[in-house]
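Notes to accompany the following structure.
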Amino acid sequence: MNFDKAIDRRKTESVKWRRWDEDVLAMWVADTDFEAPQEVIDAINKRVEHGIFGYGFPPDGLNEVVTQRLKRLYNWDVDVEQVQYVPGIVTGFNVAVRGLCKPGEEVIYQVPAYPPFIRAPHSAGLQGIQNEMFVGKSGQYEVDFEAFEQEIIDNKVSLFILCNPHNPTGRVYRQDELEKFAEICLRNDVIIVSDEIHCDILYDGRKHIPIASLGKEVSDITITLQAPSKTFNVAGLHTSVAVIQNPVLRERYNAYRAGIVSSPCILGMYAAKAAYEHGEPWLEKQLSYLQANRELIDEALRNELKPIKWCKPEATFLAWLDCCELGINGSLQEYFLEKVKLGLNDGPEFGAVGQGFVRLNFGTTRDNIVLAIEKMKEALEKL
Ligand SMILES: Cc1ncc(COP(=O)(O)O)c(C=O)c1O
């Protein structure tokens with residue numbers, strides 16, 4: 001697999017590349033510019049050749065591939081009937097928020113936050129409670145657990161959307177942090193919806209821990225959402241995995257979902273099976289490639305891109321860039337777009353704490369990373 005291969009996505013339907021004019025370098029929405037593993041492409045082609053695309057159950061063996069992977073990677077025992085499929089993670093957590101919270105109850109999540117977390121409670125007629133992360137002595141983003149519990153108590157919170165690894169900061173929560181989240185949620189009767197969409201892209205040998213794998217008490221209050229979409233660049237095939245081990249919770253979730261959220265596209269389920277079954281060697285290569293992209297950005301931030309800073313992400317292909325010292329009052333997204341034609345996410349999309357930040361997607365070719373660094377340098381010179 002050649003991750004350096006430049007593929008022009010501007011002539012496709014790509015959301016990432018069609019948002020702005022053709023001369024903009026698009027480094028915003030979180031999909032990568034890499035071709036999916038050949039095994040995934042072959043599996044889709046094979047299914048297409050069959051020529052009939054009626055309603056489908058998950059293809060034979062998909063459930064086993066998913067549960068065996070959870071066992072192999074996390075030593076987590078999940079039964080096949082505890083696994084189901086949703087057309088996306090955003091759909092998955094919106095169903096949970098709408099189906100499991102009663103009027104007057106609230107939803108909590110950390111900020112900065114993936115923007116659909118912010119929208120989910122509002123679209124359900126609920127309030128979102130924002131627990132602010134801070135940069136601690138470790139030089140990394142940390143959670144204020146005392147504030148987290150107090151906010152839960154003060155606001156009658158009944159559901160927590162956990163993002164692990166965390167978008168946009170790239171934090172990977174350690175076991176002790178996950179245990180604290182779990183203890184607080186258990187103590188206060190809070191359901192955990194764990195968005196683990198970025199769980200396959202961890203750096204420096206880190207290991208992902210699904211919060212539900214901590215033990216039965218925790219898995220009983222948890223809905224875990226994972227997907228091949230970011231990992232293998234198949235987000236447009238709309239197939240994600242929801243693990244709900246507690247049968248009562250699963251029943252409540254499914255009762256709400258029925259008639260509203262269909263099962264995923266059959267091609268997506270074939271792609272998921274091939275990716276999870278055969279994609280690991282490809283994934284290892286992608287990880288080294290992304291890790292090198294991350295190092296290149298880190299070096300630039302320490303040298304020519306000062307005073308832009310980051311807390312080096314422990315996971316994800318997302319860079320949460322602190323541009324506060326540039327002294328730009330308006331939208332940084334507009335600044336980079338207008339001055340140097342670089343397309344980034346604007347910090348305030350991730351909550352008010354994102355003022356002064358942009359998010360850059362480094363899941364692209366090395367050439368694009370070099371170009372983005374040049375563009376940012378030019379943007380600094382134009383200040
Ligand atoms: C944390 C997080 N959750 C969910 C999604 C999107 O999931 P889906 O496309 O499956 O709805 C993203 C995409 O960027 C994400 O970063």
Side-chain angles (χ1 to χ4, degrees), residues 13-16 19 26-34 36 66 84-98 107-121 123 128 130 133 141 159-173 192-202 208 210-211 223-243 257 260-265 267-269 271-272 275-276 290 313-320 343-347 349-351 354 358-364:
E13 69 304 311
S14 166
V15 166
K16 183 180 184 181
R19 175 168 177 185
M27 299 185 82
W28 65 293
V29 71
D31 63 32
T32 70
D33 294 319
F34 309 132
V66 169
Q84 50 202 312
Y85 303 92
V86 283
I89 301 265
V90 173
T91 307
F93 62 69
N94 272 285
V95 167
V97 167
R98 292 182 201 199
V107 175
I108 198 165
Y109 51 84
Q110 270 71 45
V111 279
Y114 173 55
F117 284 21
I118 301 176
R119 292 193 285 269
S123 359
Q130 306 197 334
M133 295 175 86
Y141 281 90
L159 189 142
F160 166 39
I161 314 179
L162 168 66
C163 190
N164 183 34
H166 185 259
N167 171 7
T169 67
R171 259 315 304 287
V172 175
Y173 294 117
I192 303 171
V193 178
S194 186
D195 176 341
E196 302 181 4
I197 196 167
H198 296 283
C199 68
D200 295 308
I201 299 176
L202 271 59
H208 172 70
I211 193 164
I223 295 172
T224 304
L225 302 168
Q226 294 193 358
S229 39
K230 304 283 151 185
T231 317
F232 299 102
N233 207 16
V234 291
L237 290 170
H238 290 287
T239 302
S240 302
V241 175
V243 178
R257 160 193 183 150
I260 302 175
V261 178
S262 68
S263 55
C265 161
L267 295 181
M269 291 194 281
Y276 282 157
L290 290 173
E314 298 171 340
T316 79
F317 43 80
L318 305 168
W320 183 237
L344 306 172
N345 283 96
D346 215 359
E349 292 170 39
F350 300 80
V358 284
R359 195 192 71 176
L360 175 147
N361 170 353
F362 61 88
T364 188

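All heavy atoms count here, side chains included; hydrogens, waters and symmetry mates do not. Counting convention: from 1, in listed order, for ligands and their atoms alike.
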Quiz item: Should you measure from each heavy atom of Gly88, which atoms of ligand 1 turn up under 4.0 Å away?
Solution: 10 (O), 11 (O)
Practice problem: Kindly compute the distance separating OG1 (Thr316) from CG (Asp200), expressed to the nearest 0.5 Å. | Solution: 12.5 Å
Quiz item: How many angstroms lie between atom CG of Asp195 and atom NE2 of His166, to the nearest 0.5 angstrom?
Solution: 10.0 Å
Practice problem: For ligand 1, note which part of Val90 has a heavy atom under 4.0 Å away: side chain, backbone, both or neither. | Solution: both
Quiz prompt | Inter-residue atom distance Tyr114.OH - Asn345.CG, 0.5 Å rounding | solution = 10.0 Å
Quiz prompt | Numbered atoms of ligand 1 (with element) below 4.0 Å of Ala30, judged on heavy atoms | solution = 14 (O)
Quiz prompt | Which of the ligand 1 atoms, numbered from 1, are nearer than 4.0 Å to a heavy atom of Lys230 | solution = 12 (C), 13 (C), 14 (O)
Exercise. May I ask you to identify the nearest protein heavy atom to atom 7 (O) of ligand 1, giving residue, atom name and distance to one decimal place in Å?
Key: Ile197 CD1, 3.3 Å
Self-check item: Minimum-distance protein heavy atom relative to atom 1 (C) of ligand 1
Solution: Asp195 OD2, 3.3 Å
Quiz item: How long is the gap from CE on Met27 to CG on Leu318, to the nearest 0.5 Å?
Solution: 11.0 Å
Quiz item: Between Ser240 and ligand 1, which part of the residue brings a heavy atom under 4.0 Å of the ligand: side chain, backbone, both or neither?
Solution: side chain
Quiz prompt | Per-atom contacts, ligand 1 versus His198 - under 4.0 Å to a heavy atom | solution = 1 (C), 15 (C), 16 (O)
Quiz prompt | Atoms of ligand 1 close to Cys163 [distance to a heavy atom under 4.0 angstrom, numbered from 1] | solution = 1 (C)
Quiz item: Any nitrogen or oxygen of Asn167, main chain or side chain, under 3.5 Å from a nitrogen or oxygen of ligand 1?
Solution: yes
Quiz item: Ser194 and side-chain contact (heavy atoms from CB on, under 4.5 Å): which partner among Val243, Ile223, Leu225, Ile211?
Solution: Ile211
Quiz prompt | Separation between OG1 of Thr364 and CZ of Phe34, rounded to the nearest 0.5 Å | solution = 6.0 Å
Quiz item: Where is the nearest protein heavy atom to atom 8 (P) of ligand 1: which residue, which atom, and how far?
Solution: Ile89 N, 3.5 Å
Quiz item: Within the side chain of Gln110, is there an N or O that forms a donor-acceptor pair under 3.5 Å with the backbone of Met133?
Solution: no
Quiz prompt | Identity and separation of the nearest protein heavy atom to atom 5 (C) of ligand 1 | solution = Tyr114 OH, 3.2 Å
Quiz item: Rounded to the nearest 0.5 Å, what separation is found between the NE2 atom of His198 and the CZ atom of Phe317?
Solution: 6.5 Å
